[in-house]
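A quick write-up on the structure given underneath.
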Amino acid sequence: MRANAGVAIAATLLFAAGTAQAETFTVTQQGKQFDIKEISLAVGDSITFTNADEYTHNIYSKSKVQKFNLGKQEPGASDAITFDNAGKVKVRCAIHPKMKLKVTVQ
Amino acid sequence: MKKLILGVAVTAIAASFSPVSAAEKSRDEWKAEYVRPSSVPHPADNPYTVEKAKLGETLFFDPRLSGANHISCGTCHNPSFAWGDGLPTGFGHGMVRLGRKTPTILNLAWSELLMWDDRFESLEEQALGPIAADVEMNQDLDELVTELQAIPEYRTLFNVAFPNEGISIENLAKAIATYERTVVSAVAPFDSWIAGDELAISEAAKRGFDLYNGKANCTACHSGWNFTDDSFHDIGLPDDDNGRGDILPEIEAMAHAFKTPTLRNVELRGPYMHDGSLADLLAVINHYDEDGVKRPSLSSDMKPLNLTQAEKIDLIFFLATLTSRDDPVPLPVLPNGKSMVVTKLKVQE
């Protein structure tokens, strides 16, 4: 009984610690570029992609670590993606492929 | 440190941005965005050498790079037609008509994704694509190495360009890519105007430049000194070709999307568009003026422009200023491959 209680407390602490550490970063698109080229995150962190450009963008990744497609993003719109797996994720705009972001998830 | 952000610091909120819209820029501000680069970029893993470019030029114009030995890269990418073929769509192996227009290879040193649909991520990759494609040059790459090794002059050219490596498919691709990066449109009247010569282009062309960056919104995609941002858009042409949608089928915006081509020397490169369906520049401008087929993938930059006939003419005058004063391209003397046989026979005599 005591052991079970200890496991439960430890799990709660771990859960609480994990929740507290998850952070959300903002990456902005302007002038057909991301405002950064690389970013390192922890598993569970999120990036909010904000389109501060005059143009429509479409953020996506074909990386094995995490595939996603945020769809068409009109000027002024924001969309978030949580990175659930460790590894390197190459992010691009499908419309403007010279827009590239390297995400390292640890 | 748990998290590391490289480069420019992340800006917290989008509300702090107030992008300068096209309409707010002056002509001089726009002109500053069209200055030619001072040098040609070459990748670190395939740096420029004279010997490599010379080999690449020779291979580029050699029809023996095709399975039937009669199609060279230069057959379709002909310098006389601004490095295209002047046809609506190209012809490949067996004179079979291809589905898309042959794109120019002008200024590809500045491109990252190649072909109309981005299927290749470097010029080195791209160089081999059409050679091996059964509908284009239809050449087995392993057989090509064997064929080239049988030509003594090629053995020498490869050994000079790639010391201690010699003939290989990788080196063939590197040589062709190096040569292709040297294919750069020369100074055009537009460049002279950008550099300060006010008499280099007409007043109609200057009005066309203002329209290009303003009302006509051409610069939304055809931006910068090379007149392309290498972006992909569905511009509403009424054909069935799915374009980059076949490469990225999960992304709606890529259906019917094709790469934005350079506009350098554009007046020499008709007919136009990925399918060669528009005969002249007026037809192209009329297409953009009317904004194309309505479908979910249609680019948000495609909007009715309401251009007057006089404005369309000014735009054409402007586009004509992008035609460069290129030097003639001398064709290389190809390794004959048979001369050594004659020499050997003479020696035997």
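Letters go in sequence order (proteins before strands), and every chain restarts at 1.
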Problem set entry | B:Lys259 charged N/C atom sitting above B:Trp116 aromatic ring, 6.0 Å / 45° | no

Exercise. How many angstroms lie between atom CZ of B:Phe318 and atom CG of B:Leu315, to the nearest 0.5 angstrom?
Worked result: 8.5 Å

Exercise. Which region of A:Lys102, side chain (C-beta onward) or backbone (N, CA, C, O), has a non-hydrogen atom less than 4.5 Å from a non-hydrogen atom of chain B, or is it both or neither?
Worked result: neither

Exercise. Under 6.0 Å between ring centres, would you say that holds for B:Phe190 and B:Phe227?
Worked result: yes

Problem set entry | Evaluation steps, salt bridge (Lys or Arg N to Asp or Glu O under 4.0 Å), between B:Glu124 and B:Arg181 | CA-CA 10 Å; B:Glu124 284 74 11; B:Arg181 290 190 177 95; 2.8 Å; yes

Exercise. Under a 4.5 Å heavy-atom cut-off, does chain A meet the side chain of B:Ser223, its backbone, both or neither?
Worked result: side chain

Problem set entry | Lys NZ or Arg CZ of A:Lys100 over A:Phe34 ring: under 6.0 Å, within 45° | no

For this session: Select one option (side chain, backbone, both, neither) describing which atoms of B:Ile251 are under 4.5 Å from chain A's heavy atoms.
Result: both

Problem set entry | Which atoms of A:Glu74 approach chain B - backbone, side chain, both or neither, heavy atom under 4.5 Å | side chain

Exercise. Could you walk me through whether B:Arg207 and B:Asp314 pass the salt bridge (Lys or Arg N to Asp or Glu O under 4.0 Å) check?
Worked result: CA-CA 6 Å; B:Arg207 290 195 301 271; B:Asp314 284 347; 2.9 Å; yes

Problem set entry | Contacts of residues 90-99 of chain A with chain B (heavy atom under 4.5 Å) | A:Arg92, A:Ala94, A:Ile95, A:His96, A:Pro97, A:Lys98

Exercise. How many angstroms lie between CG in B:Asn213 and OG in B:Ser26, if you round to the nearest 0.5 Å?
Worked result: 10.5 Å

For this session: Check each atom of B:Asp301 against the heavy atoms of chain A and say whether the ones under 4.5 Å are side chain, backbone, both or neither.
Result: side chain

For this session: For the residue pair A:Tyr55 and A:His57, categorise the inter-ring angle as parallel (less than 30°), tilted (30 to 60°) or perpendicular (more than 60°).
Result: perpendicular

Problem set entry | Heavy-atom proximity to chain A below 4.5 Å, by part of B:Ala257 | neither

Problem set entry | Region of B:Ser297 that comes under 4.5 Å of a non-hydrogen atom in chain A | backbone

For this session: Establish, yes or no, whether a centroid distance under 6.0 Å links the rings of B:Phe258 and B:Phe232.
Result: no

